[in-house]
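Here the structure is laid out as structure tokens; the discussion comes afterwards.
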Amino acid sequence: MSQIQACRLCGSAVSGTALSLGDQPISNRLPLQGDGDGTAPVYPLNIVVCTSCGLPQLEHNLAAEEHFHDDYTYVSGASSTWVEHCRDYAGQLVRDFGLGPDDLVVEAGSNDGTLLRFFAEAGVRVLGVEPSGNVAEIARANGIPTLTAFFNEETARNIVESQGRPKLFIGNNVLAHVPDTDGFLQAARDLITDDGALCFEFPHFTRILTHRYFDTIYHEHYCYLGVGPLSAWAKTHGMVVADVQPQSTHGGSLRLFLEKQGRPVGEAAQGRIDRYLAEESGLAGAAPWQQLEQWLGDWRSRFRGTVSELRSAGKTVAAYAAASKATVLSNYLGLTANDVEWCCDASPLKQGRLIPGANIPIVVPATLRDDPPDAVIAFAWNIFDEIADVVAANVVQETLLIRPLPDIETRTVGGGAQ
């Protein structure tokens, strides 16, 4: 691990530490149950802010190979909510860009090919680029052509030589995962056709501050994106922000399009862009992150109190969804298997493992039925309603469902509860 010396996007100086979540393990590196002593290495998880373009980003670098490897445990097809989002996403882009069988769509960080599958079903040529070998193999097994590689300048050259230039390059919740943000964007810009576009979805950094979604901060996310920093980059690299569209995913995301300069930006699109730029200007600098850290100290005490009251009353507490959020939340809160007995997850790649640092066992969803808990923490609060439905369908007695963020919320499900 190394401390950054300059902004990942524009190369300018960065602030001092604006927010610290302490030392945390790598969120998606889930140890196998019974493998070793359960101790996971930890690294600083701090935010700094660029003094020029305003990009919030991690203060330290972990090599990308630490996150993306042949034992990667996240698969995008495990959430029905996400699958439907991908279906709608692909349909919109096929219509908006008039994509057909002669066009190519390339997705970096394509995971198990869930999104590209819907483009392929619409008759569009597709190619995934996925550095984690195990999930890339799942995509290929499902008929989605996929390179096992990190996307960079060399990969882009190979794509042009073997497939031609894509009309659409997609980075779906992937741009934040790139340590060299500037180099990645330049390679993507040079890859597409002159009338093509780059399309990125990402959680908007303002939502971390306004809705306190701090658990989207983890080592795998090197930066926290917004319209302003990407607009500044585009102006100096022959591109323009062509549109920004709000999305409900991850508690509030943006879908941003970058196109080569020379094409006019529509009036409605420009209005959206201007609104987001204004919103970001009100949350610029290190001060809002420092204020978030102060709020989190109080929230942590209240959440710990909620769990302690349940345990003191003899209640069993479990959790659902061993997402990266679960690692950040449990480690920041100091929760362990003494507090949360187990965590269900629908992904077979995660079952039989542990949430790192907390050592909470990850089990199959049927455990809700076989060993019914009194309370369930929805670690993946962004799909709270989906989790509520799963829990209600599997428990007989009334069960308290706890949503951690944007503040502590409870709901009773099961046992005839409405």
Side-chain angles (χ1 to χ4, degrees), residues 27-28 30 73-92 111-115 117-118 135 138 172-173 201-204 207 211-213 215-216 218 246-253 255 303 317-330 340 342-351 353 355 360 362-418:
S27 59
N28 260 324
L30 311 179
T73 55
Y74 171 75
V75 286
S76 52
S79 166
S80 60
T81 301
W82 185 251
V83 172
E84 287 309 306
H85 174 74
C86 289
R87 186 192 308 274
D88 295 341
Y89 185 3
Q92 178 190 328
N111 200 261
D112 62 0
T114 295
L115 176 60
R117 172 165 62 93
F118 295 113
V135 290
I138 293 172
N172 203 27
N173 295 304
E201 275 196 13
F202 50 84
H204 195 196
R207 303 287 277 197
H211 290 63
R212 304 179 286 266
Y213 294 162
D215 57 345
T216 59
Y218 41 91
Q247 306 295 315
S248 62
T249 51
H250 297 287
S253 297
R255 182 179 296 166
F303 198 97
V317 179
Y320 198 99
S324 292
K325 299 176 189 298
T327 301
V328 178
L329 282 166
S330 58
V340 180
W342 40 262
C343 177
C344 291
D345 198 278
S347 171
L349 295 180
K350 296 183 179 182
Q351 295 157 8
R353 296 176 179 265
I355 295 176
I360 298 169
I362 303 169
V363 299
V364 297
T367 310
L368 286 165
R369 182 179 61 252
D370 300 336
D371 185 17
D374 297 301
V376 176
I377 301 169
F379 277 143
W381 48 261
N382 54 305
I383 53 170
F384 187 66
D385 290 337
E386 178 182 331
I387 292 173
D389 290 343
V390 172
V391 174
N394 280 278
V395 297
V396 176
Q397 80 283 9
E398 289 191 353
T399 303
L400 186 69
L401 189 62
I402 305 171
R403 176 175 176 159
L405 294 171
D407 207 340
I408 303 166
E409 174 189 342
T410 60
R411 181 190 303 179
T412 300
V413 299
Q418 298 297 319

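Computed from heavy atoms alone, side chains included, the values below leave out hydrogens, waters and symmetry copies.
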Drop me the distance from [X]'s [atom1] to [Y]'s [atom2], to the nearest 0.5 angstrom.
X      : Y      : atom1 : atom2 : value
Asn382 : Thr216 : CG    : OG1   : 9.5 Å
Arg255 : Tyr89  : CZ    : OH    : 5.0 Å
Arg411 : Asp385 : CZ    : CG    : 5.0 Å
Phe379 : Leu405 : CZ    : CG    : 11.0 Å
Asp112 : Arg117 : CG    : CZ    : 8.5 Å

Shortest non-hydrogen contact between [X] and [Y], atoms and distance:
X      : Y      : result
Cys343 : Ile360 : N-CG2, 3.9 Å
Val413 : Val395 : O-CG2, 4.4 Å
Cys344 : Thr367 : SG-CB, 4.3 Å

Sub-4.5 Å side-chain heavy-atom contact between Val317 and Pro373: no
Less than 4.5 Å apart, side chain to side chain, heavy atoms only: is that true for Val363 and Asp371? no
Could you walk me through whether Ile355 and Ile362 pass the side-chain contact (heavy atoms from CB on, under 4.5 Å) check? CA-CA 7 Å; Ile355 295 176; Ile362 303 169; 4.1 Å; yes
With sequence neighbours left out, what residues match Pro404 under side-chain contact (heavy atoms from CB on, under 4.5 Å)? Trp299, Phe303, Leu329, Ile377, Trp381
Under 3.5 Å, side-chain donor or acceptor atoms of residues 318-325 against the rest of the protein: list the pairs with distances, not counting sequence neighbours.
{"unit_1": "Ser324", "atom_1": "OG", "unit_2": "Ser27", "atom_2": "OG", "d": "3.2"}
{"unit_1": "Ser324", "atom_1": "OG", "unit_2": "Asn28", "atom_2": "ND2", "d": "3.1"}

Give a yes or no answer on whether the side chain of [X] reaches the backbone of [Y] with a donor-acceptor pair at less than 3.5 Å.
X      : Y      : result
Gln247 : Pro203 : no
Thr410 : Ile408 : no
Arg212 : Pro406 : yes

So, Ser347 and Asp345: side-chain donor and acceptor under 3.5 Å apart, yes or no? no
Applying side-chain contact (heavy atoms from CB on, under 4.5 Å), run through Thr114 and His85 and close with a yes or a no. CA-CA 10 Å; Thr114 295; His85 174 74; over 6 Å; no
Before you tell me yes or no, could you show the steps for Thr327 and Tyr218 under side-chain contact (heavy atoms from CB on, under 4.5 Å), namely the whole-Å CA-CA distance, both residues' side-chain angles and the distance that decides it to 0.1 Å? CA-CA 9 Å; Thr327 301; Tyr218 41 91; over 6 Å; no
Starting from the C-alpha separation in whole Å, work towards a yes-or-no answer on side-chain contact (heavy atoms from CB on, under 4.5 Å) for Phe118 and Val83. CA-CA 10 Å; Phe118 295 113; Val83 172; 3.9 Å; yes
Hey, can you tell me if His204 and Phe202 have their rings parallel, tilted or perpendicular (30° and 60° cut-offs)? perpendicular
